[in-house]
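Everything on this sheet refers to the single structure shown next.
Numbers for residues simply follow the sequence, beginning at 1.
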Amino acid sequence: MKKIFMTMVAALAVAVSANAQYYVGGTAGISSVKVAGGDSELTFKVLPEVGYSFNDEWGIGASLGWSKGNGVADLGGRYIAEGDLTNTFEVNPYVRYTAVKGKYVNVFVDGGFGYKHYNGQGNAWNVGLKPGVAVNLDKFSFAAHVGFVGWKSFNPKGDGKSSNAAGVDLDGNNISFSLYYNF
């Protein structure tokens, strides 16, 4: 009985591995911010990402990132003024469902949660769905996420009065682009 069970587990592992696909990549950005005639400040963001596709429809992944710079940030309905925001750290694990798979284009939705720490300012959380589209070119994929459907919260350091928001955010400013290398 043990041999049969172990054989079935091994066969399942081989079947899952045969269809599996790893990917690495992420998002990066750099900009210069000048608010109200002040000095220009350089800002940057780096969000490396890793993922594992179980089959043509399902996968898991996570991004882990940092940002640094000055600017204006919307934190769940609260705003931090220019000069106050300096460093952030974030982690965003997700489950990806690919609804439409074509030869070159996939339409997917990532469901997960995110945590972002604003150094000296507070913490932000979110839980929801991020729809996206990917263009697949051999070993590389270009992906874009557009919008967010779910819940966001920001808990500022000090006063303890959290801000919460729930709903759909399909603002044109809520677009991110990623590049992936597929193994």
Margin query: Under 4.0 Å between a side-chain nitrogen and a carboxylate oxygen: does that hold for D110 and K130?
Written below: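 Here D110 does not pair with K130 in a salt bridge, since their nearest N and O are not under 4.0 Å apart.
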Approximate separation, where rounding is to 0.5 Å, of [X] [atom1] and [Y] [atom2]:
X: K116; Y: N92; atom1: NZ; atom2: CG; result: 8.5 Å
X: Y22; Y: Y52; atom1: OH; atom2: OH; result: 5.0 Å
X: K139; Y: N182; atom1: NZ; atom2: CG; result: 7.5 Å
X: S63; Y: L47; atom1: OG; atom2: CG; result: 5.0 Å
X: Y118; Y: T88; atom1: OH; atom2: OG1; result: 6.5 Å
X: T98; Y: E57; atom1: OG1; atom2: CD; result: 8.0 Å

Heavy-atom check, side chain of [X] versus side chain of [Y], under 4.5 Å:
X: V133; Y: V105; answer: yes
X: R96; Y: W58; answer: no
X: S67; Y: V46; answer: no
X: L137; Y: F142; answer: yes
X: F154; Y: N164; answer: no
X: E90; Y: L64; answer: no

Notebook entry, point to check: Where does the angle between the aromatic ring planes of Y181 and F140 fall among parallel (under 30°), tilted (30 to 60°) and perpendicular (over 60°)?
Noted result: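 Perpendicular, since the angle between the ring planes exceeds 60°.
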Notebook entry, point to check: Is there a donor-acceptor contact under 3.5 Å from the side chain of N123 to the main chain of H117?
Noted result: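 Such a contact is absent between N123 side chain and H117 backbone.
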Check: Distance-only, no hydrogens or angles: does the T27 side chain make a donor-acceptor pair with backbone N or O of F177 under 3.5 Å?
Finding: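 Indeed, once roles are kept as given, a pair shorter than 3.5 Å links the two residues.
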Note to self: Please tell me whether Y104 and F108 are part of a single hydrophobic cluster in this structure, the criterion being side-chain heavy atoms less than 4.5 Å apart.
What the structure shows: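 Different clusters.
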Margin query: Tell me whether V50 shares a hydrophobic cluster with W66, the cluster being built from Ile, Leu, Val, Met, Phe, Trp, Tyr side chains joined at under 4.5 Å.
Written below: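 Hydrophobic grouping puts V50 apart from W66.
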Notebook entry, point to check: Ring centroid separation for Y23 and Y180, is it under 6.0 angstrom?
Noted result: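 Yes, they do, as the ring centres are separated by less than 6.0 Å.
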Checklist line | Ring center gap for Y94 and H145 short of 6.0 angstrom | finding: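 Ring centroids of Y94 and H145 are no less than 6.0 Å from each other.
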Next item on the list: Check the surroundings of atom OH in Y115: do more than 12 heavy atoms from other residues, nucleotides or ligands lie under 6.0 Å from it?
Entry: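 It does: Y115 OH has more than 12 such atoms within range.
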Can you see which heavy atom on [X] is nearest to which on [Y], and at what distance?
X: P48; Y: G65; answer: CD-CA, 4.3 Å
X: P131; Y: G147; answer: CD-O, 4.1 Å
X: L170; Y: V146; answer: CD2-O, 4.2 Å

Next item on the list: List the steps and the verdict of side-chain contact (heavy atoms from CB on, under 4.5 Å) for W125 and W151.
Entry: CA-CA 8 Å; W125 296 89; W151 170 82; 4.2 Å; yes
Next item on the list: Test the K152-F148 pair against the cation-pi criterion, namely NZ or CZ under 6.0 angstrom from the six-membered ring centroid and within 45° of the ring axis.
Entry: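 Because its charged atom sits under 6.0 Å from the ring centre and within 45° of the axis, K152 does stack over F148.
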Margin query: side chain to side chain donor-acceptor pair (under 3.5 Å) for S141 and N136? Distances and angles first, verdict last.
Written below: CA-CA 4 Å; S141 296; N136 305 309; 2.8 Å; yes
